[in-house]
Amino acid sequence: MEFFEVIEKRHSIRSYKDVPVEKEKLERLLSACLKAPSAGNLQAYKIYVIRNQKIRYALGEAAFGQHFISEAPIVLVFCSLPRKSASKYGSRGANLYSIQDATIAASYAQLAATALGLASCWVGAFDENAVKEILGLEEEKPIAIIPLGYGAEEPLSPPKENIEKIVKIIE
Ligand SMILES: Cc1cc2nc3c(=O)[nH]c(=O)nc-3n(C[C@H](O)[C@H](O)[C@H](O)COP(=O)(O)O)c2cc1C
């Protein structure tokens with residue numbers, strides 16, 4: 001799929017078919033994530049790939065009952081590694097770069113998913129401590145939960161702002 005078609009076709013999908021994701025597709029997607037830019041190329045993030053049904057359900061609970069999450073056969077949880085980035089960049093690494101690293105990688109995951117004919121949704125509304133407990137995280141800070149699978153809906157594109165409202169050109 002051509003890049004700009006991928007951009008046009010990516011939508012937040014909140015309903016998934018009960019169809020597994022092929023191993024090869026998952027591997028391609030994860031490899032794409034690892035190509036993302038990161039501060040100092042430290043890649044201060046971790047990606048959890050969850051297939052376990054009980055854990056997927058628990059993540060839906062932790063996301064304040066957003067149970068479409070566990071409909072998807074795979075749930076990705078992108079976490080930042082504040083200490084890893086802090087080792088080179090101090091508090092800016094801990095509080096900003098590590099979050100940006102994880103966020104950019106997660107964006108790549110969403111675009112790669114679309115290019116592979118898969119669906120996803122960024123889920124940011126969750127109880128951070130609950131997710132940490134479910135996954136047994138210590139150092140990692142969960143940033144985004146991304147259900148991944150074959151979409152069971154084709155939503156219309158939500159309206160986006162006009163370019164003039166968002167972009168300020170300074171000459
Ligand atoms: C930081 C962030 C947090 C989000 N949290 C949620 C969420 O908790 N649940 C959800 O269903 N969608 C969530 N979304 C998806 C947005 O609702 C969605 O991107 C937006 O409505 C635009 O739709 P589109 O992705 O189809 O363009 C989140 C998106 C971002 C970037």
Side-chain angles (χ1 to χ4, degrees), residues 1-19 21 25 29-30 32-33 35-39 43-50 53 55-82 85 92 94-135 137 140-167:
M1 202 185 292
E2 195 258 333
F3 178 74
F4 288 97
E5 196 184 343
V6 172
I7 299 282
E8 287 299 326
K9 285 210 166 140
R10 186 215 53 82
H11 299 301
S12 294
I13 302 297
R14 300 181 178 88
S15 179
Y16 298 88
K17 291 180 186 159
D18 188 14
V19 173
V21 170
K25 286 197 176 185
L29 180 146
L30 294 171
C33 293
K35 300 268 190 236
S38 64
Q43 297 180 282
Y45 56 89
K46 267 248 159 77
I47 308 169
Y48 284 81
V49 179
I50 294 128
Q53 209 279 331
I55 299 178
R56 285 186 282 132
Y57 185 83
L59 289 170
E61 283 284 298
F64 311 113
Q66 297 190 77
H67 285 299
F68 68 88
I69 291 172
S70 61
E71 262 186 34
I74 293 176
V75 177
L76 304 174
V77 181
F78 285 79
C79 301
S80 65
L81 294 175
S85 202
R92 194 160 173 85
N95 302 325
L96 181 64
Y97 293 167
S98 60
I99 292 171
Q100 289 177 327
D101 287 358
T103 302
I104 298 165
S107 296
Y108 272 45
Q110 287 209 281
L111 295 175
T114 304
L116 292 165
L118 297 167
S120 70
C121 183
W122 190 293
V123 175
F126 56 80
D127 178 331
E128 188 176 317
N129 288 327
V131 172
K132 281 178 125 176
E133 199 175 315
I134 291 163
L135 299 179
L137 308 180
E140 299 100 324
K141 176 183 169 71
I143 300 296
I145 297 175
I146 300 195
L148 179 72
Y150 285 94
E153 63 174 9
E154 283 187 28
L156 296 172
S157 300
K160 302 284 179 180
E161 295 284 10
N162 289 332
I163 200 159
E164 298 77 26
K165 193 154 180 208
I166 303 263
V167 179

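Both counts, for ligands and for their atoms, begin at 1 and track the order of listing.
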(message) Within the 4.5 Å heavy-atom criterion, are Ile99 and Lys141 side-chain neighbours or not?
(response)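 They are in side-chain contact.
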
(request) Test Val49 against every option in Val21, Leu29, Leu148, Leu30 by the side chain to side chain contact (heavy atoms under 4.5 Å, CB included) rule and name the one that passes. (result)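 Only one of Val21, Leu29, Leu148, Leu30 forms a side chain to side chain contact (heavy atoms under 4.5 Å, CB included) with Val49, namely Leu30.
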
(request) Using a strict 4.0 Å threshold on nitrogen-to-oxygen distance, state whether Glu153 and Arg14 make a salt bridge. (result) no

(message) What's the separation between atom CD1 in Ile104 and atom OG in Ser38, rounded to the nearest 0.5 Å?
(response) 8.0 Å

(message) Within this structure, what is the CZ-OG distance for the pair Arg92 and Ser98, rounded to the nearest 0.5 Å?
(response)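 So the CZ of Arg92 and the OG of Ser98 are separated by 11.5 Å.
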
(message) Residues around ligand 1, heavy atom under 4.0 Å from any ligand atom, sorted by chain and number. Can you pull those?
(response) Arg10, His11, Ser12, Arg14, Gln66, Phe68, Cys121, Trp122, Val123, Gly124, Ala125, Pro158, Lys160

(message) Test: salt bridge (Lys or Arg N to Asp or Glu O under 4.0 Å). Region: residues 102-125. Which pairs qualify, not counting sequence neighbours?
(response)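 Qualifying pairs, neighbours excluded: none.
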
